[in-house]
Amino acid sequence: MPELPEVETIVRGLRPLLTGRTIRGVSHADWPATLAGYPPAAFAAIVTGEPILGVERRAKYILIPLGSGRVLTIHLRMTGSLVHHAAPIAPSKATRLVVDLADGGQVHFTDARKFGRVRLLDPAAVAVFLDSLGPEPLPDDFTLDRFRARLQGRRGLLKPTLLDQRVLAGLGNIYVDEALYRSRLHPQRSVATLDAGDTARLYEAIRAVLAQGIANHGTTISDYRDARGEAGSNQRQLHAYGQTDQPCGRCGTPIARIVVGGRGTHFCPQCQVPPD
């Protein structure tokens with residue numbers, strides 16, 4: 001699933017290509033569930049003629065405010081991608097939506113697994129939805145003290161807690177595994193057992209792995225592509241996620257895989273000490 005670095009990469013790529021453009025129409029919509037309740041014809045009628053005011057990100061969501069005040073809210077889920085083409089091209093078998101632009105360009109929403117969603121929300125609905133999400137981990141105002149406050153009083157396991165978007169926005173399976181590896185914390189450790197040093201290492205690790213993911217234009221394991229349809233390169237820098245049986249880069253112990261909270265989880269049994 002595209003996580004914060006992948007979505008941020010897409011947003012940064014789309015912003016200069018879409019901001020100030022006008023939607024000319026919708027030329028392809030082959031999976032009605034993608035539009036989260038809007039019949040394709042009704043969706044097309046509403047967005048046609050709308051100017052695009054910008055492209056933003058919140059957590060794992062792409063937000064495209066329109067001139068009417070409505071906001072296109074896009075969740076890529078497992079296999080979604082949002083790619084700009086300077087000129088029209090034929091949709092692929094996995095293309096679920098094609099938005100045509102007045103300058104002749106197109107935006108293709110492609111989603112092999114069909115789990116992704118494109119919602120058209122009014123500003124009040126967007127505000128309610130965004131307020132349910134935790135803070136972003138990368139801005140300067142997300143300090144170590146704020147991170148400690150997010151974890152205070154929690155007694156769950158580390159990995160499910162960090163995946164909870166109400167606790168912290170944007171983290172997913174890849175970057176949680178990488179942050180826990182970097183901070184030498186076991187994914188089944190209880191949040192309540194972290195001391196001040198543990199929390200500081202985890203805070204720094206989360207910010208470091210996310211920043212690295214953005215710098216490398218995201219992690220492409222299978223389907224992820226950026227706004228121009230190109231793969232990321234961060235998969236070459238992974239130390240834990242997807243590295244089952246490969247030697248740990250610190251101690252040489254084979255990376256192990258277990259299931260934590262229903263999610264495949266990768267860690268070093270030597271460096272990331274199991275809880276008692």
Side-chain angles (χ1 to χ4, degrees), residues 1-29 34-36 38 42-77 80-88 95-111 116-142 165 169-170 210-211 213-215 217-218 224-230 232:
M1 178 185 293
E3 303 177 27
L4 188 158
E6 289 73 50
V7 179
E8 180 66 22
T9 299
I10 292 170
V11 163
R12 292 183 184 186
L14 288 177
R15 187 178 291 132
L17 298 172
L18 299 187
T19 302
R21 307 301 194 273
T22 298
I23 297 175
R24 186 177 67 191
V26 174
S27 58
H28 179 83
T34 295
L35 299 178
Y38 273 93
F43 176 86
I46 292 170
V47 301
T48 295
E50 284 273 31
I52 296 172
L53 303 185
V55 184
E56 304 298 333
R57 179 193 59 78
R58 178 72 168 98
K60 302 176 188 178
Y61 296 88
I62 298 169
L63 307 174
I64 303 179
L66 305 177
S68 65
R70 293 187 178 96
V71 180
L72 283 172
T73 305
I74 302 165
H75 194 189
L76 301 174
R77 296 282 177 89
S81 64
L82 201 63
V83 176
H84 175 269
H85 300 279
T95 302
R96 307 301 165 205
L97 179 70
V98 176
V99 174
D100 301 306
L101 305 173
D103 66 0
Q106 289 183 327
V107 180
H108 286 225
F109 180 74
T110 302
D111 183 18
R117 293 293 180 265
V118 178
R119 290 179 167 84
L120 189 60
L121 302 176
D122 62 41
V126 172
V128 170
F129 166 65
L130 296 184
D131 284 347
S132 70
L133 298 171
E136 296 284 328
L138 286 178
D140 290 341
D141 64 358
F142 185 70
Q165 299 299 291
L210 292 175
I214 294 170
H217 304 285
Y224 162 71
R225 297 294 184 274
D226 68 12
R228 296 184 182 276
E230 298 176 358

Among Leu17, Leu18, Leu14, Leu72, which one satisfies side-chain contact (heavy atoms from CB on, under 4.5 Å) with Ile52?
Leu18

Which atom names give the shortest non-hydrogen contact between [X] and [Y], and what distance separates them?
{"X": "Arg77", "Y": "Pro2", "answer": "O-CD, 2.8 Å"}
{"X": "Leu121", "Y": "Ala125", "answer": "CB-CB, 4.2 Å"}
{"X": "Leu210", "Y": "Pro137", "answer": "CD1-CG, 3.4 Å"}
{"X": "Ala169", "Y": "Leu4", "answer": "O-CD1, 3.8 Å"}
{"X": "Glu6", "Y": "Tyr224", "answer": "CB-CE1, 3.5 Å"}
{"X": "Leu76", "Y": "Ser81", "answer": "CD2-N, 4.0 Å"}

Determine whether Leu63 and Leu130 satisfy the following criterion, side-chain contact (heavy atoms from CB on, under 4.5 Å), listing intermediate values before the conclusion.
CA-CA 11 Å; Leu63 307 174; Leu130 296 184; 4.0 Å; yes

Between Thr110 and Val83, is the side-chain contact (heavy atoms from CB on, under 4.5 Å) condition met? List the steps.
CA-CA 8 Å; Thr110 302; Val83 176; over 6 Å; no

I'd like to check the side-chain contact (heavy atoms from CB on, under 4.5 Å) partners of [X]; sequence neighbours left out, ordered by chain and number.
{"X": "Ala127", "answer": "none"}
{"X": "Leu53", "answer": "Pro65"}
{"X": "Asp131", "answer": "none"}

Would you sort out whether Leu82 and Ile74 count as a side-chain contact (heavy atoms from CB on, under 4.5 Å), showing the intermediate values?
CA-CA 9 Å; Leu82 201 63; Ile74 302 165; 3.7 Å; yes

Please list, one pair per line, the donor and acceptor atoms closer than 3.5 Å that link side chains of residues 98-108 to other protein atoms, with sequence neighbours excluded.
residue	atom	partner	partner atom	Å
Asp100	OD1	Ser27	OG	3.2
Asp100	OD1	Gln106	NE2	2.8
Asp100	OD2	Ser27	N	3.3
Asp100	OD2	Ser27	OG	2.9
Asp103	OD1	Gly105	N	2.9
Asp103	OD2	Arg21	NE	2.9
Gln106	OE1	Ile89	N	3.1
Gln106	OE1	His108	NE2	2.8

Determine yes or no for a side-chain-to-main-chain donor-acceptor pair under 3.5 angstrom, with Glu136 supplying the side chain and Ala59 the backbone.
yes

Sorted by chain and number, sequence neighbours left out, ring-ring contact (aromatic ring centres under 6.0 Å, His included) with Tyr61 holds for His75, Phe129

Given side-chain contact (heavy atoms from CB on, under 4.5 Å), test Glu50 with Thr48 step by step and report yes or no.
CA-CA 6 Å; Glu50 284 273 31; Thr48 295; over 6 Å; no

For Glu8, what residues pass the salt bridge (Lys or Arg N to Asp or Glu O under 4.0 Å) criterion, not counting sequence neighbours?
Arg12, Arg57

Yes or no on salt bridge (Lys or Arg N to Asp or Glu O under 4.0 Å) for Arg15 and Glu56, after CA distance, side-chain angles and deciding distance?
CA-CA 8 Å; Arg15 187 178 291 132; Glu56 304 298 333; 3.5 Å; yes

